[in-house]
Amino acid sequence: MSEDVDLLTIVRTQLSTALLGDVLDAMGHTHQFLPPGLQPLEDSHMLAGYALTVLEADCVGGSGVKAESAAFGLMFQALDDLKPDEVYLCTGGSPRYALWGELMTARARELKAAGAVLDGFHRDTRGIQGQSFPVFSRGAYAQDQRVRGRVIDYRCAIEFSNGTRVDNGDLIVGDLDGVLAVPRAHAREAIENALVKLKGEGDVRDMIEAGQSTAGIFARTGIM
């Protein structure tokens with residue numbers, strides 16, 4: 001098992017976005033959460049994988065040249081380029097159409113991708129749910145992107161509406177509390193720090209349940 005897979009297993013089984021967000025703040029990375037509102041289709045889904053970044057743009061009426069073959073821009077190329085444990089991470093278009101659906105999910109699963117995060121809508125909800133594949137989005141909306149948007153680039157740096165920048169290959173973590181990006185170069189340190197914080201929070205909970213005051217506990221531990 002590779003080092004990267006080991007790290008992903010730790011994140012998926014032991015950590016949360018809250019823990020990682022806190023330690024990233026302490027490390028000086030204070031703007032790592034993607035915009036609020038990105039939620040999993042199923043509450044139980046925990047997402048951890050490395051970003052395949054995808055940039056979407058709006059259009060009107062589809063492509064002007066070779067409209068059918070270029071209707072989705074580079075979407076098919078980006079989807080087919082997914083590697084095992086990568087996350088299809090898309091932003092850039094306006095919230096007027098779906099960025100992901102059932103058949104894209106089937107292809108991503110076949111490629112052993114870790115999930116998809118859409119800064120917009122998904123569609124084919126029932127078809128996605130039946131595939132046990134983590135998809136995070138702003139909600140369901142069936143309107144197609146074919147004549148409304150296209151992928152214009154992928155594996156490039158992308159920026160979300162709240163100013164969060166994500167580079168291709170960054171660690172993406174998602175749960176019910178949101179989605180955040182961990183810079184790839186600092187992923188191991190962040191995970192190690194989060195494990196320490198996890199242990200500390202367990203100790204603090206024991207103190208609370210023993211009747212100690214939160215003010216006193218925080219003064220001694222710096223955790224709350």
Side-chain angles (χ1 to χ4, degrees), residues 2-25 27 29-56 75 78-79 81-93 99-100 104-105 107-109 111-122 128 132-138 151 153-195:
S2 71
E3 176 179 306
D4 283 348
V5 172
D6 287 339
L7 292 179
L8 293 178
T9 298
I10 291 170
V11 174
R12 290 167 182 162
T13 59
Q14 300 184 54
L15 301 181
S16 67
T17 56
L19 277 167
L20 285 164
D22 287 354
V23 300
L24 286 168
D25 280 348
M27 292 167 62
H29 304 286
T30 59
H31 205 68
Q32 300 306 127
F33 272 94
L34 275 55
L38 301 183
Q39 289 289 301
L41 270 69
E42 300 186 38
D43 290 354
S44 61
H45 281 167
M46 169 67 175
L47 172 71
Y50 297 103
L52 186 162
T53 52
V54 179
L55 184 61
E56 182 88 9
M75 187 186 78
L79 182 63
D81 200 42
L82 277 168
K83 305 297 188 294
D85 289 320
E86 286 192 327
V87 176
Y88 185 99
L89 179 69
C90 183
T91 192
L99 300 171
W100 189 265
M104 295 179 74
T105 301
R107 178 58 173 156
R109 285 185 75 247
L111 295 171
K112 302 186 187 306
V117 176
L118 302 319
D119 189 17
F121 298 112
H122 72 272
I128 295 173
S132 300
F133 185 81
V135 173
F136 286 65
S137 77
R138 293 187 178 275
V151 172
D153 203 357
Y154 63 98
R155 295 201 182 280
C156 57
I158 56 177
E159 187 174 83
F160 288 79
S161 58
N162 66 342
T164 299
R165 173 187 168 127
V166 182
D167 290 311
N168 188 70
D170 283 350
L171 173 62
I172 305 301
V173 182
D175 58 23
L176 273 172
D177 291 329
V179 182
L180 84 162
V182 183
R184 184 70 177 263
H186 303 287
R188 172 168 286 279
E189 181 184 1
I191 291 168
E192 290 173 349
N193 291 349
L195 289 171

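Because the structure is a prediction, the values reported are computed rather than measured. Keep in mind that the numbers below use all heavy atoms, side chains included, and drop hydrogens, waters and symmetry copies.
Taking CG of L38 as the reference point, atom CZ of F136 lies at 9.0 Å (rounded to 0.5 Å). The distance from atom NE2 of H186 to atom NE2 of H29, rounded to the nearest 0.5 Å, is 4.0 Å. The distance from atom CG of L15 to atom CG of L8, rounded to the nearest 0.5 Å, is 11.0 Å. Taken from CG in L24 to CG in L19, the straight-line distance is 11.0 Å, to the nearest 0.5 Å. Taken to the nearest 0.5 Å, the CZ atom of R188 stands 8.0 Å off from the CG atom of D6. In this structure, CG on L52 lies 7.5 Å from NZ on K83, to the nearest 0.5 angstrom.
Between R138 and D119, at least one side-chain nitrogen of the basic residue sits less than 4.0 Å from a carboxylate oxygen of the acidic one, meeting the salt-bridge criterion.
Contact record, H122 with S137: ND1-OG, 2.7 Å, taken as the closest heavy-atom pair. Nearest heavy-atom pair across Q32 and P183 is NE2-CD, 3.6 Å. Of all non-hydrogen atoms in L89 and A51, the two that sit nearest each other are CD2-CB, 4.0 Å. In terms of heavy atoms, V182 sits closest to A187 at CG1-CA, 3.8 Å. For the pair H31 and N162, the tightest heavy-atom approach, listed with the atom from each and the gap, is NE2-O, 2.6 Å. Considering all non-hydrogen atoms of both residues, G49 and A114 come closest at CA-CB, 4.0 Å.
By the 4.5 Å heavy-atom criterion applied to side chains, N168 and Y154 are not counted as neighbours. A heavy-atom distance below 4.5 Å is not found between the side chains of L99 and M75. Two residues are said to be in side-chain contact when any heavy atoms from C-beta on lie closer than 4.5 Å; I172 and V166 meet this criterion. L171 has its side chain out of reach of L7: every pair of non-hydrogen atoms, C-beta onward, lies at least 4.5 Å apart. Proximity of L41 to I128: side-chain heavy atoms (C-beta onward) are separated by under 4.5 Å at one or more points. Contact check for Q14 versus L195: side-chain heavy atoms found under the 4.5 Å cut-off. Between K112 and L82 the shortest side-chain heavy-atom distance does not fall below 4.5 Å.
Using a distance-only test at 3.5 Å, with no hydrogens or angles considered, a donor-acceptor pair links the side chain of R12 to the main chain of A48. Remark: side-chain polar atoms of T53 are paired, donor with acceptor, to backbone N or O of C156 under 3.5 angstrom. Under the 3.5 Å distance criterion, the side-chain polar atoms of T164 are matched with a main-chain donor or acceptor of F33. With Q39 contributing its side chain and L176 its backbone, the two residues share a donor-acceptor pair below 3.5 Å.
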Determine, stepwise, if the pair D175 / T17 fulfils side chain to side chain donor-acceptor pair (under 3.5 Å). CA-CA 7 Å; D175 58 23; T17 56; 2.7 Å; yes

Would D170 and R165 satisfy salt bridge (charged side-chain N to carboxylate O under 4.0 Å, His left out), going step by step from the backbone distance to the final call? CA-CA 10 Å; D170 283 350; R165 173 187 168 127; over 6 Å; no

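Ring geometry for W100 against F133 counts as parallel: the plane angle stays under 30°, on a 0 to 90° scale with 60° as the upper cut.
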